[in-house]
Each structure stands twice: as structure tokens, then as C-alpha cells.
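All values below come from the heavy atoms of this structure, side chains included, with hydrogens, waters and symmetry mates left out.
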Amino acid sequence: MVVDKNASGLRMKVDGGWLYLSEELVKKHPGGAVIEQYRNADATHIFHAFHEGSSQAYKQLDLLKKNAEHDDALEKELEKRIDKVDINVSAYDISVAQEKKMVESFEKLRQKLHDDGLMQANETYFLFKSISTLSIMAFALFLQYLGWYITSACVLALAWQQFGWLTHEFCHQQPTKNRPLNDTISLFFGNFLQGFSRDWWKDKHNTHHAATNVIDHDGDIDLAPLFAFIPGDLCKYKASVEKAILKIVPYQHLYFTAMLPMLRFSWTGQSIQWVFKENQMEYKVYQRNAFWEQATIVGHWAWVFYQLFLLPSWPIRVAYFLISQLGGGLLIAHVVTFNHNSVDKYPANSRILNNFAALQILTTRNMTPSPFIDWLWGGLNYQIEHHLFPTMPRCNLNACMKYVKSWCKENNLPYLVDDYFVGYAMNLQQLKNMAEHVHAKAA
């Protein structure tokens with residue numbers, strides 16, 4: 001087949017060959033819009049990271065490879081991309097020759113982990129985690145029945161946090177190799193029990209994994225108008241309300257911590273908006289899932305409000321609602337803001353997208369592990385390992401850490417790991433860097 005280079009569709013490089021995906025095929029992608037992140041880029045390792053254990057995905061890849069070709073123009077375009085340093089923005093300066101060696105070395109590491117069994121699903125572990133987390137929620141409801149309302153609200157906040165980690169793992173296809181089963185359980189744990197849309201989260205989070213801390217790709221670093229991480233964010237303040245908010249951005253490093261509990265309100269709000277638009281979305285997977293996405297989100301809020309209705313008075317209802325919602329937000333936010341916000345970002349067109357391993361390592365910071373932190377953080381304190389191997393079960397991440405540290409040393413890459421307050425201070429410093437920039441511009 002001769003590919004029309006001007007045709008609509010998408011071209012990406014996988015396993016050394018350039019593939020062409022028609023517009024129709026792109027819209028049928030089971031993962032939705034995340035596939036767009038590697039347009040005209042090398043998607044080899046991100047493909048293997050996301051599709052571990054999916055025979056359907058590899059069957060489709062084999063079909064596309066039959067028409068794979070070499071494209072000198074695209075290859076040269078990839079090699080000549082040069083990053084520009086800015087406030088909180090780093091330059092990817094690994095040479096093309098070094099990059100190729102690193103990519104080959106990472107493939108050997110991935111195979112080594114396979115051979116040593118670290119990529120194998122552990123269904124018994126996740127059955128235990130599911131039962132224990134359901135027990136936390138049941139305990140919260142039992143405490144409410146006993147009249148221990150404030151304690152119940154605190155325990156419910158913890159249950160929502162822990163279901164966040166479990167849903168995250170089922171969405172990443174960690175617990176079993178049965179993807180439809182994982183997706184169904186994530187719908188129950190995520191939408192119904194927690195109130196976060198599974199499809200909204202997959203779209204947001206898979207894009208974050210595919211282009212971590214890459215400007216204009218990773219939505220997790222786009223927190224405007226309340227926060228600005230890079231100078232480019234300042235161009236987004238156009239509406240009158242946003243321009244008014246810009247006046248407080250010079251103080252963003254001071255009010256950031258106070259905003260952490262609001263994360264649950266933000267994510268549940270975005271989930272509600274998402275599910276009731278799914279019927280009209282261009283990707284077929286979202287249209288197909290729309291009914292159950294909507295039904296389970298409605299079910300979640302029906303349960304939440306019925307639970308509040310059972311409480312004896314309005315002051316207790318308000319207190320219970322705020323403690324559980326804000327507490328759940330804080331428990332999740334103090335984790336998800338640690339790993340990447342404290343590390344520099346990379347330009348939108350950076351060549352770092354062609355070096356999956358370097359991208360994940362240079363944009364991620366681990367939290368110092370311990371048995372308690374491993375549990376409370378749901379294994380996300382091993383964020384580097386998780387980003388490199390997103391389908392690896394949580395219980396294997398600690399063992400994987402030793403392999404990754406050794407690989408980083410061999411390839412002259414930093415391995416960032418810090419105690420919480422050290423990493424959090426670096427997070428605040430990134431915000432302060434931009435706050436000072438905004439203040440200087442206004443002076």
C-alpha cells in the first residue's frame with residue numbers, strides 16, 4: 001500500500017517502522033484520544049507499556065506493520081528538534097546516538113522484568129486489596145449507624161482515597177489479564193463507589209502517562225487560571241475573570257496547600273461534565289460506554305445524598321459532607337501533586353517524546369518508601385517504576401525499584417527520590433518561580 005502523506009489520519013513510529021492509521025481507525029482506538037499524543041513521533045515504548053497483555057492490540061499492530069515504511073523526512077524532523085529553556089522548563093539534551101543506545105538498553109530491561117516475572121498479574125493480591133478497601137467503606141457506614149458521625153466521615157474520606165488507587169490499578173489493567181473484567185470493576189469502584197468517571201480518568205491519565213510534563217500535551221500541568229507553572233500559562237488569562245485571578249498568582253505558592261482539599265470537588269465536577277457529553281464524543285469507545293458511565297455516576301450521588309439524608313440534623317449533614325469530601329480530596333491531592341509538579345517541564349515539540357524511558361525518569365520524583373507509605377500512597381511513591389511499567393502490579397514495584405536504579409546509573413540518568421517535605425518544598429519552589437516572574441512583569 002502506498003500511503004498518501006497528505007491524507008487525514010495519523011503517522012507514528014513503532015518498532016523501527018512508520019505506521020499509517022486512517023482517521024476512521026484512530027476514532028475507533030479503544031484508548032480514545034491518547035493516541036494523538038504520538039503523532040509523528042516514536043511510540044514504540046509507550047505502545048508496549050500501555051498494551052502489555054493485550055492480544056487484540058498486538059494483532060492490530062501486526063496488521064499495520066505489514067505496510068510499515070521508512071520515512072527519511074520524518075526521521076530528520078525528529079532529530080533536529082531543539083528545546084528552549086525557560087522558567088521551570090528544561091531542555092532535553094541527550095544526543096541522537098545516546099538516545100538510540102538508551103532505547104535499546106531499556107528494551108532489554110523490559111524483557112528482563114518479564115523474564116523475572118515482575119509483569120505477571122497477581123489476582124490474589126488484588127482480591128485482598130479489594131476486600132480490605134471495601135471493609136474500610138463498610139466500617140465508615142457502620143460508624144455512621146452507631147452515631148459516630150465525624151469519625152465515619154473521616155473513614156469514608158480514607159475509603160475514597162484507597163478506592164482511587166484501586167481504580168487506578170484496574171484502569172491500568174494490573175490486577176488480571178482479562179481487560180473487560182478490569183474495566184467493569186473499575187466502573188464500579190471508580191464511578192459508583194468513588195464518583196470519578198472511569199473514562200474521564202482514563203482520557204486524562206493516559207495522556208499524562210504518554211507525555212508526562214510535556215507542555216500542551218499533559219493536562220495535569222495545566223492548572224490555569226488558579227496556578228501557573230510555566231510562562232506559557234500566562235497567555236491563557238484572557239477573560240475578565242481570569243485576568244482578575246492573575247492578580248493573585250504572585251501568591252500562588254502561599255495558597256497552593258490550602259487548595260489541595262478542593263481536588264475531590266474538581267474531579268467529581270469534571271466527571272459529571274464528562275459523562276453527560278460522552279454520547280456526542282468523536283471516539284466510539286466513549287459513545288459505547290456512555291450509558292453505564294452516566295448511570296453509575298448518578299448512582300454514586302444518589303447514595304451520597306441518601307446517606308446524608310439519614311443523618312439527624314442539617315449541621316451534621318453539612319459537617320459530614322465537607323469532612324468526607326475535603327478529606328478525600330486532601331488524601332489524594334497530597335500524593336498526586338508530589339511526583340511531577342516538583343520537576344521541570346519540557347517543550348511541546350521536544351525530542352524527549354522519542355525516548356520514553358528518559359521522559360518518565362526526568363519528569364518524575366519518587367517518595368521515600370516504607371510499609372505505611374506503600375499502603376497510604378497506593379504504591380504511587382514508586383512513581384518512576386509505575387510510569388515506566390504502568391501495567392506492573394503494585395506489589396512488584398518495590399522489587400522493580402532495584403532494577404530501575406541500576407539502569408539509571410548505567411545510562412547516566414538521575415533517579416529522583418526524596419522525603420515528602422523535601423519534594424513538596426520543590427513543588428512550592430516551582431510555583432514561587434512563576435509567582436516571582438508574574439510579580440516582576442507587573443512591576
Side-chain angles (χ1 to χ4, degrees), residues 10-14 18-19 21 26 29-52 57 74 77-86 88-94 99 102-103 106 110 168 171-172 199-224 227-233 235-236 270 283 336-365 380 383-391 413 416 430:
L10 182 150
R11 289 170 64 75
M12 59 171 55
K13 185 178 179 181
V14 178
W18 285 93
L19 312 178
L21 287 76
V26 170
H29 181 233
V34 65
I35 194 171
E36 297 280 357
Q37 302 303 318
Y38 276 76
R39 181 182 293 273
N40 297 333
D42 192 333
T44 299
H45 285 127
I46 192 66
F47 177 88
H48 295 307
F50 274 29
H51 300 94
E52 167 70 29
L74 281 174
E77 180 65 28
L78 293 183
E79 292 183 6
K80 71 180 183 181
R81 294 176 181 176
I82 300 175
D83 295 353
K84 181 181 178 182
V85 176
D86 207 336
N88 296 339
V89 180
S90 285
Y92 174 70
D93 57 2
I94 296 174
E99 181 181 285
M102 198 175 290
V103 168
F106 182 71
R110 193 170 69 85
H168 168 254
C171 285
H172 273 304
D199 284 358
W200 163 81
W201 183 89
K202 277 190 173 185
D203 180 79
K204 166 186 174 322
H205 191 70
N206 286 347
T207 301
H208 160 69
H209 267 263
T212 311
N213 275 19
V214 177
I215 298 165
D216 295 337
H217 290 257
D218 185 359
D220 282 9
I221 60 173
D222 182 4
L223 301 180
F227 304 99
F229 273 105
I230 58 170
D233 286 341
C235 301
K236 300 169 184 174
Q270 291 178 61
Y283 288 88
V336 300
T337 58
F338 177 91
N339 303 111
H340 306 290
N341 290 357
S342 62
V343 187
D344 274 358
K345 290 57 178 170
Y346 285 85
N349 203 36
S350 176
R351 191 164 47 84
I352 197 172
L353 282 169
N354 298 313
N355 190 344
F356 174 76
L359 168 64
Q360 306 305 332
I361 290 165
L362 294 174
T363 60
T364 308
R365 184 184 309 281
L380 295 183
Q383 189 78 187
I384 295 172
E385 290 73 20
H386 169 63
H387 265 248
L388 291 172
F389 310 102
T391 60
L413 288 172
L416 305 177
Q430 291 256 323

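Between Val34 and Asn206, the shortest heavy-atom contact is CG2-O, 3.4 Å. Nearest approach of Asp86 to Pro231, heavy atoms of both residues: OD1-CG, 3.4 Å. The two atoms that bring Asn339 and Ser342 nearest to each other are O-OG, 4.2 Å, heavy atoms only. Contact record, Leu353 with Ala348: CD1-O, 4.2 Å, taken as the closest heavy-atom pair. Of all heavy-atom pairs between Leu388 and Ala357, the closest is CD2-CA, 3.7 Å. Here the closest non-hydrogen pair linking Pro347 and Val214 is O-CG1, 3.5 Å.
Qualifying side chain to side chain donor-acceptor pair (under 3.5 Å) partners for Trp201, counting only residues two or more places apart in sequence or in other chains: none. A search for side chain to side chain donor-acceptor pair (under 3.5 Å) contacts involving Gln430 returns Asp344, Lys345, not counting sequence neighbours. Taking Asn88 as the reference, Asn433 meet the side chain to side chain donor-acceptor pair (under 3.5 Å) condition, with sequence neighbours excluded. The salt bridge (charged side-chain N to carboxylate O under 4.0 Å, His left out) check on Asp233 picks up Lys236, with sequence neighbours excluded. Asp203 meets the side-chain contact (heavy atoms from CB on, under 4.5 Å) test with Ala33, Trp274, Tyr286; sequence neighbours excluded. Evaluation of the side-chain contact (heavy atoms from CB on, under 4.5 Å) rule for Pro390 yields Ala49, Phe50, His172, His209, His386 as partners, not counting sequence neighbours. Applying the salt bridge (charged side-chain N to carboxylate O under 4.0 Å, His left out) criterion to Lys202, with sequence neighbours excluded, gives Asp183. Applying the side-chain contact (heavy atoms from CB on, under 4.5 Å) test to Val343 and every residue at least two apart in sequence or in another chain returns Asn213, Arg365, Leu416. For His208, the ring pair (Phe, Tyr, Trp, His ring centres under 6.0 Å) test picks out His205, His340, His387, with sequence neighbours left out. Judged as a side chain to side chain donor-acceptor pair (under 3.5 Å), and not counting sequence neighbours, Thr363 has no contacts. For the side-chain contact (heavy atoms from CB on, under 4.5 Å) test, residues two or more places apart in sequence or in another chain that qualify with Leu223 are Phe227, Phe229.
For the pair Tyr38 (side chain) and Ala210 (backbone), a donor-acceptor distance under 3.5 Å is present. Panel note: side chain Gln383, backbone Leu380; a donor-acceptor pair is recorded below 3.5 Å.
Atom CG of Leu19 sits about 7.5 Å away from atom CE of Met12, to the nearest 0.5 Å.
In this structure, Thr212 and Tyr346 have side chains that are not in contact, with every pair of non-hydrogen atoms separated by 4.5 Å or more.
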Quiz item: So Asp83 and Ser350, side chain to side chain donor-acceptor pair (under 3.5 Å) or not? Walk me through it.
Solution: CA-CA 6 Å; Asp83 295 353; Ser350 176; 2.7 Å; yes
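The distance between the ring centers of His29 and Tyr283 does not fall below 6.0 angstrom.
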